[in-house]
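Step one of this worksheet: look at the structure below.
We count ligands from 1, going down the list as the structure has it; atoms in each ligand are counted the same way.
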Amino acid sequence: MTKSWTVREVLGWTKDYFRRSGIEAARLEAEILLSHALRADRLELYLRPERVLTDPERLDFKKLIRQRHEGTPLQYLIGEVDFFGCRLKVSPVALIPRPETEELVERIVKDFFSSKISPSWILDLGTGTGAIAIALARAFKHAQILAVDLSEGALGLASENARENGVEARVRFLRSDWYENVSGVFDLIVSNPPYVPREELEHLQTEVKKEPAIALDGGPDGLEAIAHIVSRSVEFLRPPGRLYLEMGDKQASRVRELIEQAETFHLDILRDIAGKERFVRAERLAPRNISTFAEQE
Ligand code: GLN
């Protein structure tokens with residue numbers, strides 16, 4: 001006869017198992033996965049610690065902890081994340097949205113709110129789960145967003161996320177290799193492109209290696225995608241449009257050089273919450289001999 005396992009016992013066992021696998025937040029992850037397997041919230045685990053798991057529950061949970069032990073990210077097992085107030089589905093077809101990217105969205109929203117302009121046309125390059133596009137659609141209620149990705153799988157996931165978050169009418173998804181199939185001009189271009197230098201890919205955490213390489217691999221110096229996005233941004237931004245990018249924490253000076261080559265930008269490097277130079281904000285200046293609408297007033 002197999003032993004019957006209570007919630008309390010299962011949590012204790014899993015915490016030790018995860019700790020031995022090198023998972024830092026072992027107890028928390030055990031709770032999150034168990035509540036997922038039991039389709040209950042975490043509080044339930046505390047309220048009914050003596051509840052005995054049914055056989056199917058025990059088997060489901062066992063499968064989850066084995067995958068977690070083998071390095072599958074927690075978020076892929078749970079199947080969703082919270083991102084800037086949106087609930088997003090995640091799967092191995094797309095990068096798991098990071099807190100840094102949430103910071104980028106927050107920064108964009110704050111900047112536009114304080115300048116009292118609202119972007120009408122937004123382009124999100126390499127949308128993945130659709131995180132940035134969807135969060136911006138919810139923040140800027142009148143904006144139209146074009147979100148592109150090369151991966152069909154990502155576009156499918158992102159469209160589903162847009163529907164679930166009620167913004168499908170204002171976010172259009174398009175399969176495109178960066179700007180390739182994009183036309184029109186935008187007030188805001190944003191991207192969290194792949195920026196990991198290729199030779200660092202093999203040294204990434206096991207969890208990150210389970211994420212799609214297309215979302216991480218930034219070419220030999222990590223700057224391939226960023227350089228391309230910057231080089232053509234002038235064509236797609238109408239002054240005083242802005243470009244916001246996430247980048248690697250050692251890439252600021254190279255990215256600065258790339259943008260300064262374009263000359264028509266006012267540039268700021270912004271730090272993330274950990275103090276690392278993580279984002280770039282570039283504003284496209286109007287050509288000198290053409291006065292802007294604001295200047296005429
Ligand atoms: N921040 C991610 C990581 O370190 C990289 C994301 C990206 O390349 N856009 O795993």
Side-chain angles (χ1 to χ4, degrees), residues 22-25 29 68 71-77 81-84 88 90-108 123-136 147-151 153-155 157-158 161 176-179 188-231 233 243-255 258-259 269-282:
I23 296 170
E24 235 169 81
E29 292 210 17
R68 184 67 194 94
T72 303
L74 182 72
Q75 296 89 333
Y76 284 160
L77 296 174
V81 293
D82 283 318
F83 183 86
F84 207 70
L88 300 175
V90 293
S91 85
V93 298
L95 193 81
I96 298 165
R98 310 282 204 265
E100 288 87 343
T101 310
E102 225 170 4
E103 279 185 59
L104 175 64
V105 169
E106 187 181 359
R107 196 64 203 227
I108 294 171
L123 174 63
D124 175 19
L125 294 169
T127 197
T129 57
I132 297 177
I134 293 165
L136 290 177
V148 310
D149 208 289
L150 190 56
S151 151
L155 290 170
L157 178 69
N161 280 329
S176 177
D177 186 2
W178 305 120
Y179 299 102
L188 167 62
I189 299 178
V190 57
S191 183
N192 171 23
Y195 55 68
V196 179
R198 191 163 292 154
E199 64 181 32
E200 286 177 24
L201 289 173
E202 60 185 290
H203 306 296
L204 292 172
Q205 258 182 299
T206 322
E207 281 81 355
V208 183
K209 283 194 215 157
K210 305 254 178 186
E211 296 185 85
I214 188 184
L216 294 161
D217 183 351
D221 60 358
L223 289 164
E224 221 164 68
I226 293 183
H228 179 72
I229 291 171
V230 167
S231 72
S233 59
L243 168 70
Y244 283 81
L245 298 174
E246 185 175 319
M247 64 185 169
D249 60 0
K250 295 175 199 72
Q251 295 173 336
S253 61
R254 290 292 319 284
V255 173
L258 289 169
I259 293 182
I269 302 288
L270 311 169
R271 289 173 192 272
D272 64 17
I273 203 167
K276 296 189 166 153
E277 294 183 316
R278 175 70 61 196
F279 314 109
V280 57
R281 173 179 60 203

Donor-acceptor pair, side chain of Glu102 and main chain of Phe84, under 3.5 angstrom:
yes

Set of residues satisfying side-chain contact (heavy atoms from CB on, under 4.5 Å) with respect to Pro212, sequence neighbours excluded:
Tyr76, Ile214, Ala215

Show the atoms of ligand 1 that are less than 4.0 angstrom away from any heavy atom in [X].
X      : answer
Pro194 : 8 (O)
Pro193 : 7 (C), 8 (O), 9 (N)
Val208 : 10 (O)
Asn192 : 7 (C), 9 (N)
Ala215 : 7 (C), 8 (O), 9 (N)

Of all pairs that satisfy side-chain hydrogen bond (donor to acceptor under 3.5 Å, both in side chains), the ones with a partner from residues 212-229, not counting sequence neighbours
Arg198-Asp217

When every non-hydrogen atom of Leu157 is compared with those of Val90, the smallest separation belongs to CD2-CA, 4.3 Å

Indicate yes or no: at least one non-hydrogen side-chain atom of Ile96 is less than 4.5 angstrom from one of Arg98.
yes

Are any of the protein's heavy atoms under 4.0 angstrom from atom 10 (O) of ligand 1, yes or no?
yes

So with a 6.0 Å cut-off around CG of Leu204, is the heavy-atom count from everything else above 12?
yes

At under 4.0 Å between heavy atoms, which part of Arg98 makes contact with ligand 1: side chain, backbone, both or neither?
side chain

Taking atom 1 (N) of ligand 1 as the reference point, the nearest protein heavy atom with its distance:
Tyr195 OH, 3.0 Å

